[in-house]
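Please read the structure below before turning to the comments.
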Amino acid sequence: MKILTGIAGMSMAVVLIAAGCKTSELKRTNQALDYCITQLSKTIGTLHDSTRMPRSIANGKTDWRLVGYRDWTSGFWPGILWYAYEYTHDEQWKQQAARYSNTLFPLADTAAIDHDLGFQVFTSIGNGYRLTHDPTYRSILLRTADTLSKLFNPKVGTILSWPRAVPGVDWPLRHNTIMDNMINLELLFWASKNGGDKRLYDIAVKHAETTMHHHFRPDYTSYHIIVYDTATGQKVKGITHQGYSDSSMWARGQAWAIYGFTMVARETGDTRFLDFAQKVTDVYLEKLPADLVPYWDFNAPDIPNAPRDASAAAVVASGLLELSTLLTDAAKSNYYRTKAEAMLVSLSSNKYQSREVNNALLLHSTGHKPNGGEIDASIIYVDYYYLEALLREKRIKEGGMKK
Ligand code: GLY
(Lines give C-alpha, C1' and ligand atoms only; values in the text may rest on other atoms or scores of the structure.)
Protein backbone atom coordinates (compact mmCIF):
# COMPACT_ATOMS: atom_id res chain seq x y z
CA MET A 1 0.00 0.00 0.00
CA LYS A 2 1.31 3.41 -0.97
CA ILE A 3 1.76 5.78 1.95
CA LEU A 4 0.41 9.24 1.19
CA THR A 5 2.50 12.15 2.39
CA GLY A 6 2.16 15.95 2.54
CA ILE A 7 -1.16 17.79 2.13
CA ALA A 8 -2.71 14.91 0.16
CA GLY A 9 -1.82 12.46 2.91
CA MET A 10 -3.11 14.76 5.64
CA SER A 11 -6.42 15.39 3.94
CA MET A 12 -6.81 11.67 3.27
CA ALA A 13 -6.15 11.06 7.00
CA VAL A 14 -8.77 13.63 7.93
CA VAL A 15 -11.27 11.96 5.60
CA LEU A 16 -10.50 8.53 7.07
CA ILE A 17 -10.78 9.81 10.67
CA ALA A 18 -14.08 11.54 9.82
CA ALA A 19 -15.38 8.38 8.18
CA GLY A 20 -14.32 6.37 11.25
CA CYS A 21 -16.09 8.79 13.59
CA LYS A 22 -19.21 8.64 11.44
CA THR A 23 -19.17 4.84 11.50
CA SER A 24 -18.72 4.68 15.27
CA GLU A 25 -21.42 7.34 15.73
CA LEU A 26 -23.83 5.30 13.61
CA LYS A 27 -22.88 2.22 15.62
CA ARG A 28 -23.96 3.99 18.81
CA THR A 29 -27.32 4.92 17.28
CA ASN A 30 -27.88 1.40 15.95
CA GLN A 31 -26.95 -0.11 19.32
CA ALA A 32 -29.56 2.08 21.02
CA LEU A 33 -32.14 1.10 18.37
CA ASP A 34 -31.31 -2.59 18.83
CA TYR A 35 -31.77 -2.13 22.58
CA CYS A 36 -35.24 -0.67 21.87
CA ILE A 37 -36.20 -3.69 19.76
CA THR A 38 -35.09 -6.06 22.54
CA GLN A 39 -37.21 -4.21 25.10
CA LEU A 40 -40.23 -4.01 22.76
CA SER A 41 -40.03 -7.75 22.12
CA LYS A 42 -40.24 -8.29 25.88
CA THR A 43 -43.34 -6.08 26.12
CA ILE A 44 -45.05 -7.74 23.14
CA GLY A 45 -44.59 -11.09 24.90
CA THR A 46 -46.69 -9.85 27.84
CA LEU A 47 -49.63 -8.39 25.85
CA HIS A 48 -52.63 -10.40 24.68
CA ASP A 49 -55.38 -7.89 23.88
CA SER A 50 -54.95 -5.38 21.05
CA THR A 51 -57.67 -3.11 22.48
CA ARG A 52 -55.49 -2.34 25.52
CA MET A 53 -52.42 -0.12 25.09
CA PRO A 54 -49.44 0.10 27.46
CA ARG A 55 -49.37 3.51 29.12
CA SER A 56 -46.92 3.54 32.05
CA ILE A 57 -45.01 1.49 34.59
CA ALA A 58 -45.00 2.96 38.07
CA ASN A 59 -41.69 3.42 39.86
CA GLY A 60 -40.81 0.12 41.58
CA LYS A 61 -43.33 -1.92 39.53
CA THR A 62 -42.72 -4.07 36.44
CA ASP A 63 -46.15 -4.36 34.77
CA TRP A 64 -47.47 -1.92 32.21
CA ARG A 65 -50.68 -0.14 33.17
CA LEU A 66 -52.97 -0.64 30.17
CA VAL A 67 -55.55 1.82 28.78
CA GLY A 68 -58.27 1.85 26.13
CA TYR A 69 -58.36 3.82 22.87
CA ARG A 70 -60.00 6.93 24.40
CA ASP A 71 -56.96 7.64 26.59
CA TRP A 72 -54.80 10.50 25.25
CA THR A 73 -51.75 8.21 25.11
CA SER A 74 -53.41 5.44 23.06
CA GLY A 75 -51.57 6.24 19.80
CA PHE A 76 -48.04 5.97 21.11
CA TRP A 77 -47.88 2.17 21.40
CA PRO A 78 -49.04 1.55 17.81
CA GLY A 79 -46.70 4.38 16.76
CA ILE A 80 -43.78 2.65 18.48
CA LEU A 81 -44.67 -0.58 16.66
CA TRP A 82 -44.63 1.28 13.31
CA TYR A 83 -41.20 2.70 14.17
CA ALA A 84 -40.01 -0.84 15.07
CA TYR A 85 -41.22 -1.98 11.64
CA GLU A 86 -39.51 0.99 9.96
CA TYR A 87 -36.19 0.09 11.60
CA THR A 88 -36.30 -3.70 11.20
CA HIS A 89 -38.43 -4.14 8.04
CA ASP A 90 -39.79 -7.19 9.85
CA GLU A 91 -43.37 -8.03 8.86
CA GLN A 92 -44.19 -9.20 12.40
CA TRP A 93 -43.83 -5.64 13.70
CA LYS A 94 -46.02 -4.41 10.84
CA GLN A 95 -48.75 -6.90 11.74
CA GLN A 96 -48.65 -5.90 15.38
CA ALA A 97 -48.68 -2.20 14.46
CA ALA A 98 -51.73 -2.73 12.22
CA ARG A 99 -53.59 -4.71 14.92
CA TYR A 100 -53.19 -1.97 17.51
CA SER A 101 -53.80 0.85 15.00
CA ASN A 102 -57.15 -0.66 14.02
CA THR A 103 -58.31 -0.25 17.61
CA LEU A 104 -58.16 3.54 17.16
CA PHE A 105 -60.43 3.75 14.10
CA PRO A 106 -63.57 4.80 16.09
CA LEU A 107 -61.82 8.06 17.07
CA ALA A 108 -62.27 9.35 13.51
CA ASP A 109 -66.02 9.76 13.75
CA THR A 110 -66.66 10.22 17.47
CA ALA A 111 -67.12 13.83 18.62
CA ALA A 112 -63.79 15.11 19.95
CA ILE A 113 -63.61 15.11 23.74
CA ASP A 114 -60.38 17.13 23.60
CA HIS A 115 -57.45 18.25 21.42
CA ASP A 116 -55.54 14.97 21.83
CA LEU A 117 -56.80 13.41 18.59
CA GLY A 118 -53.52 14.24 16.87
CA PHE A 119 -51.49 12.54 19.59
CA GLN A 120 -53.77 9.53 19.31
CA VAL A 121 -54.19 9.17 15.57
CA PHE A 122 -51.19 10.83 13.90
CA THR A 123 -48.51 9.02 15.93
CA SER A 124 -50.18 5.69 15.13
CA ILE A 125 -52.16 5.76 11.89
CA GLY A 126 -50.14 8.71 10.55
CA ASN A 127 -46.98 6.63 10.73
CA GLY A 128 -48.90 3.63 9.40
CA TYR A 129 -49.97 5.61 6.33
CA ARG A 130 -46.46 7.03 5.81
CA LEU A 131 -45.05 3.49 5.72
CA THR A 132 -47.84 1.61 3.88
CA HIS A 133 -50.00 4.13 1.94
CA ASP A 134 -53.03 2.09 3.01
CA PRO A 135 -56.10 4.07 1.78
CA THR A 136 -58.09 3.09 4.89
CA TYR A 137 -55.53 4.90 7.03
CA ARG A 138 -55.74 7.94 4.76
CA SER A 139 -59.51 8.07 5.18
CA ILE A 140 -59.25 7.73 8.99
CA LEU A 141 -56.70 10.54 9.15
CA LEU A 142 -58.81 12.88 7.01
CA ARG A 143 -61.96 12.22 9.04
CA THR A 144 -60.08 12.67 12.33
CA ALA A 145 -58.69 16.01 11.17
CA ASP A 146 -62.24 17.19 10.42
CA THR A 147 -63.37 16.00 13.85
CA LEU A 148 -60.51 17.87 15.55
CA SER A 149 -61.17 21.06 13.58
CA LYS A 150 -64.64 21.31 15.16
CA LEU A 151 -62.94 22.46 18.39
CA PHE A 152 -61.52 25.57 16.68
CA ASN A 153 -62.91 28.88 17.93
CA PRO A 154 -62.36 31.53 15.20
CA LYS A 155 -62.99 34.36 17.66
CA VAL A 156 -60.02 33.28 19.79
CA GLY A 157 -57.96 31.82 16.95
CA THR A 158 -57.15 28.55 18.72
CA ILE A 159 -58.50 25.05 19.26
CA LEU A 160 -60.35 24.51 22.54
CA SER A 161 -57.98 22.02 24.16
CA TRP A 162 -60.12 20.77 27.01
CA PRO A 163 -63.90 21.10 26.53
CA ARG A 164 -64.51 20.12 30.13
CA ALA A 165 -64.10 21.58 33.58
CA VAL A 166 -60.53 22.62 34.34
CA PRO A 167 -59.52 24.16 37.69
CA GLY A 168 -59.26 27.93 37.17
CA VAL A 169 -61.25 27.90 33.93
CA ASP A 170 -64.99 28.56 34.15
CA TRP A 171 -66.05 26.76 30.99
CA PRO A 172 -68.14 27.46 28.86
CA LEU A 173 -67.58 31.21 29.39
CA ARG A 174 -63.88 30.68 29.12
CA HIS A 175 -61.94 28.97 26.35
CA ASN A 176 -58.68 27.18 27.22
CA THR A 177 -55.69 26.27 25.10
CA ILE A 178 -52.75 24.25 26.38
CA MET A 179 -49.22 24.26 25.01
CA ASP A 180 -49.42 20.52 24.24
CA ASN A 181 -52.08 21.34 21.62
CA MET A 182 -49.32 22.52 19.24
CA ILE A 183 -48.41 18.90 18.49
CA ASN A 184 -51.88 18.12 17.17
CA LEU A 185 -51.59 20.73 14.43
CA GLU A 186 -49.47 18.27 12.45
CA LEU A 187 -52.56 16.20 11.66
CA LEU A 188 -54.30 19.30 10.26
CA PHE A 189 -51.30 20.21 8.10
CA TRP A 190 -51.11 16.65 6.82
CA ALA A 191 -54.83 16.54 5.99
CA SER A 192 -54.72 19.84 4.10
CA LYS A 193 -51.98 18.39 1.86
CA ASN A 194 -53.64 15.02 1.35
CA GLY A 195 -57.12 15.79 0.09
CA GLY A 196 -58.58 17.54 3.13
CA ASP A 197 -60.01 21.04 3.26
CA LYS A 198 -57.56 23.95 2.81
CA ARG A 199 -59.28 25.47 5.87
CA LEU A 200 -57.43 22.91 8.03
CA TYR A 201 -54.12 24.54 7.06
CA ASP A 202 -55.50 27.98 7.96
CA ILE A 203 -56.72 26.72 11.34
CA ALA A 204 -53.30 25.23 12.14
CA VAL A 205 -51.46 28.42 11.17
CA LYS A 206 -53.89 30.64 13.10
CA HIS A 207 -53.58 28.44 16.20
CA ALA A 208 -49.77 28.64 16.00
CA GLU A 209 -49.81 32.43 15.52
CA THR A 210 -52.19 32.99 18.44
CA THR A 211 -50.13 30.68 20.64
CA MET A 212 -46.93 32.48 19.66
CA HIS A 213 -48.46 35.82 20.67
CA HIS A 214 -50.14 34.86 23.93
CA HIS A 215 -48.60 31.71 25.38
CA PHE A 216 -45.12 32.99 26.32
CA ARG A 217 -43.55 35.29 28.86
CA PRO A 218 -41.03 37.93 27.74
CA ASP A 219 -38.17 35.44 28.32
CA TYR A 220 -39.87 32.88 25.98
CA THR A 221 -40.79 30.43 28.74
CA SER A 222 -44.24 28.98 28.24
CA TYR A 223 -47.43 29.06 30.26
CA HIS A 224 -49.16 25.68 30.32
CA ILE A 225 -52.70 27.01 29.78
CA ILE A 226 -53.99 30.27 28.38
CA VAL A 227 -57.55 31.14 29.30
CA TYR A 228 -59.43 33.22 26.72
CA ASP A 229 -62.86 34.83 26.77
CA THR A 230 -64.97 32.56 24.57
CA ALA A 231 -67.12 35.38 23.20
CA THR A 232 -64.59 38.18 22.65
CA GLY A 233 -61.48 36.08 22.05
CA GLN A 234 -59.46 38.22 24.50
CA LYS A 235 -56.71 36.62 26.58
CA VAL A 236 -57.73 36.45 30.25
CA LYS A 237 -54.73 34.83 32.00
CA GLY A 238 -51.96 32.26 31.89
CA ILE A 239 -52.11 29.40 34.40
CA THR A 240 -50.73 25.92 34.97
CA HIS A 241 -52.26 22.50 35.43
CA GLN A 242 -49.31 20.13 35.31
CA GLY A 243 -46.49 22.55 36.20
CA TYR A 244 -45.22 23.77 39.57
CA SER A 245 -46.84 27.22 39.39
CA ASP A 246 -48.53 29.61 36.99
CA SER A 247 -45.22 31.40 36.47
CA SER A 248 -42.91 28.38 36.25
CA MET A 249 -41.44 26.60 33.20
CA TRP A 250 -43.00 23.14 33.15
CA ALA A 251 -40.40 21.00 31.36
CA ARG A 252 -42.70 19.03 29.05
CA GLY A 253 -44.73 22.11 28.20
CA GLN A 254 -41.57 23.84 26.94
CA ALA A 255 -40.65 20.61 25.13
CA TRP A 256 -44.00 20.63 23.30
CA ALA A 257 -43.31 24.24 22.31
CA ILE A 258 -39.87 23.38 20.89
CA TYR A 259 -41.14 20.38 18.96
CA GLY A 260 -44.38 22.08 17.92
CA PHE A 261 -42.97 25.34 16.55
CA THR A 262 -40.25 23.38 14.73
CA MET A 263 -42.93 21.26 13.07
CA VAL A 264 -44.95 24.38 12.14
CA ALA A 265 -41.80 25.94 10.65
CA ARG A 266 -41.30 22.82 8.54
CA GLU A 267 -44.92 22.77 7.37
CA THR A 268 -45.22 26.48 6.58
CA GLY A 269 -41.66 27.44 5.59
CA ASP A 270 -42.39 30.64 7.53
CA THR A 271 -39.28 32.19 9.12
CA ARG A 272 -41.36 33.72 11.94
CA PHE A 273 -41.96 30.22 13.27
CA LEU A 274 -38.37 29.12 12.64
CA ASP A 275 -37.03 32.12 14.59
CA PHE A 276 -39.51 31.51 17.35
CA ALA A 277 -38.63 27.81 17.62
CA GLN A 278 -35.02 28.86 18.28
CA LYS A 279 -36.03 31.37 20.97
CA VAL A 280 -38.10 28.83 22.92
CA THR A 281 -35.29 26.29 22.51
CA ASP A 282 -32.50 28.56 23.69
CA VAL A 283 -34.11 29.41 27.03
CA TYR A 284 -34.66 25.67 27.64
CA LEU A 285 -31.07 24.72 26.77
CA GLU A 286 -29.60 27.50 28.93
CA LYS A 287 -31.26 26.17 32.07
CA LEU A 288 -30.63 22.40 31.73
CA PRO A 289 -28.70 20.38 34.32
CA ALA A 290 -25.37 18.79 33.29
CA ASP A 291 -26.86 15.53 31.98
CA LEU A 292 -29.32 17.46 29.75
CA VAL A 293 -32.38 15.75 31.28
CA PRO A 294 -34.49 18.42 33.02
CA TYR A 295 -36.17 18.32 36.37
CA TRP A 296 -39.95 17.99 35.86
CA ASP A 297 -40.30 21.77 36.26
CA PHE A 298 -37.39 24.19 35.87
CA ASN A 299 -38.65 26.10 38.93
CA ALA A 300 -39.35 23.12 41.19
CA PRO A 301 -38.39 24.27 44.70
CA ASP A 302 -36.64 21.01 45.66
CA ILE A 303 -34.07 20.94 42.82
CA PRO A 304 -31.64 19.03 42.83
CA ASN A 305 -33.82 16.47 44.63
CA ALA A 306 -36.87 16.99 42.40
CA PRO A 307 -37.88 14.17 40.00
CA ARG A 308 -36.50 14.32 36.46
CA ASP A 309 -38.54 14.24 33.30
CA ALA A 310 -36.87 12.10 30.62
CA SER A 311 -39.97 12.66 28.47
CA ALA A 312 -39.05 16.32 27.95
CA ALA A 313 -35.51 15.29 26.97
CA ALA A 314 -36.80 12.75 24.43
CA VAL A 315 -39.30 15.20 22.88
CA VAL A 316 -36.64 17.94 22.71
CA ALA A 317 -33.97 15.62 21.24
CA SER A 318 -36.34 14.68 18.44
CA GLY A 319 -37.43 18.29 17.86
CA LEU A 320 -33.86 19.62 17.84
CA LEU A 321 -32.73 17.06 15.28
CA GLU A 322 -35.46 18.36 12.99
CA LEU A 323 -34.67 21.99 13.83
CA SER A 324 -31.03 21.38 12.87
CA THR A 325 -32.16 20.30 9.39
CA LEU A 326 -34.26 23.44 8.83
CA LEU A 327 -31.54 26.01 9.52
CA THR A 328 -29.22 27.53 6.93
CA ASP A 329 -26.89 28.90 9.63
CA ALA A 330 -24.40 26.01 9.86
CA ALA A 331 -23.08 26.97 13.31
CA LYS A 332 -26.56 27.10 14.86
CA SER A 333 -27.58 23.92 13.09
CA ASN A 334 -24.51 22.09 14.44
CA TYR A 335 -25.15 23.47 17.91
CA TYR A 336 -28.71 22.04 18.03
CA ARG A 337 -27.70 18.76 16.46
CA THR A 338 -24.79 18.31 18.90
CA LYS A 339 -27.09 19.07 21.85
CA ALA A 340 -29.69 16.58 20.59
CA GLU A 341 -27.04 13.89 20.16
CA ALA A 342 -25.71 14.54 23.67
CA MET A 343 -29.27 14.22 25.02
CA LEU A 344 -29.59 10.85 23.30
CA VAL A 345 -26.25 9.70 24.73
CA SER A 346 -27.47 10.69 28.18
CA LEU A 347 -30.86 8.99 27.73
CA SER A 348 -29.08 5.86 26.44
CA SER A 349 -26.92 5.58 29.57
CA ASN A 350 -27.56 3.10 32.36
CA LYS A 351 -29.05 5.94 34.42
CA TYR A 352 -32.02 6.35 32.06
CA GLN A 353 -32.41 3.12 30.02
CA SER A 354 -34.73 0.65 31.76
CA ARG A 355 -32.74 -2.47 30.76
CA GLU A 356 -33.45 -5.16 33.38
CA VAL A 357 -35.55 -2.91 35.63
CA ASN A 358 -38.68 -3.17 33.47
CA ASN A 359 -39.69 -3.69 29.83
CA ALA A 360 -40.04 -0.02 28.92
CA LEU A 361 -37.28 1.79 27.03
CA LEU A 362 -36.60 4.53 29.59
CA LEU A 363 -36.96 5.34 33.29
CA HIS A 364 -37.38 8.62 35.19
CA SER A 365 -40.23 10.54 33.59
CA THR A 366 -42.88 12.62 35.30
CA GLY A 367 -46.45 12.69 34.01
CA HIS A 368 -48.55 14.81 36.36
CA LYS A 369 -46.64 15.86 39.46
CA PRO A 370 -49.30 18.14 41.03
CA ASN A 371 -51.88 15.34 41.14
CA GLY A 372 -49.33 12.66 42.07
CA GLY A 373 -49.62 10.72 38.81
CA GLU A 374 -46.77 8.89 37.06
CA ILE A 375 -43.89 10.39 39.02
CA ASP A 376 -40.38 9.07 38.25
CA ALA A 377 -42.06 6.47 36.05
CA SER A 378 -41.68 4.80 32.66
CA ILE A 379 -44.24 6.32 30.27
CA ILE A 380 -45.17 5.26 26.76
CA TYR A 381 -44.85 8.67 25.07
CA VAL A 382 -41.27 8.93 26.32
CA ASP A 383 -40.42 5.69 24.53
CA TYR A 384 -42.17 6.94 21.37
CA TYR A 385 -40.15 10.18 21.16
CA TYR A 386 -36.89 8.44 22.17
CA LEU A 387 -37.35 5.94 19.34
CA GLU A 388 -38.36 8.69 16.92
CA ALA A 389 -35.28 10.72 17.86
CA LEU A 390 -32.97 7.73 17.34
CA LEU A 391 -34.50 7.09 13.91
CA ARG A 392 -34.09 10.76 13.00
CA GLU A 393 -30.47 10.66 14.20
CA LYS A 394 -29.84 7.56 12.08
CA ARG A 395 -31.44 9.16 9.02
CA ILE A 396 -29.36 12.32 9.41
CA LYS A 397 -26.14 10.32 9.81
CA GLU A 398 -26.96 8.19 6.80
CA GLY A 399 -27.22 11.28 4.66
CA GLY A 400 -30.55 12.98 4.77
CA MET A 401 -33.63 13.37 6.86
CA LYS A 402 -37.02 13.69 5.32
CA LYS A 403 -40.04 13.39 7.53
N1 GLY B 1 -50.33 16.17 26.89
C2 GLY B 1 -50.32 15.80 28.22
C3 GLY B 1 -48.99 15.79 28.84
O4 GLY B 1 -48.02 16.21 28.25
O5 GLY B 1 -48.91 15.34 29.97
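Order of appearance sets the numbers: ligands from 1, and atoms from 1 within every ligand.
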side-chain hydrogen bond (donor to acceptor under 3.5 Å, both in side chains) contacts in which one or both residues fall within residues 147-157, not counting sequence neighbours:
Ser149-Arg199
Across all chains, not counting sequence neighbours, the salt bridge (charged side-chain N to carboxylate O under 4.0 Å, His left out) partners of Lys206 are none
Is Arg174 close enough and on-axis enough to Tyr228, meaning under 6.0 Å and within 45°, for cation-pi?
no
Can the ring centroids of Tyr284 and Tyr220 be said to lie less than 6.0 angstrom from one another?
no
Can you check whether Phe216 reaches Lys279 side chain to side chain, under 4.5 Å on heavy atoms?
no
For ligand 1, output the ligand-protein N/O contacts shorter than 3.5 angstrom; if there are none, return none.
unit_1   : atom_1 : unit_2 : atom_2 : d
ligand 1 : 1 (N)  : Asp180 : OD2    : 2.7
ligand 1 : 4 (O)  : Asp180 : OD2    : 3.2
ligand 1 : 4 (O)  : Arg252 : NE     : 2.8
ligand 1 : 4 (O)  : Arg252 : NH2    : 3.4
ligand 1 : 4 (O)  : Trp256 : NE1    : 3.0
ligand 1 : 5 (O)  : Gln242 : NE2    : 2.8
ligand 1 : 5 (O)  : Arg252 : NH2    : 2.6

With Asp114, which residues qualify under salt bridge (charged side-chain N to carboxylate O under 4.0 Å, His left out), at least two apart?
Arg164
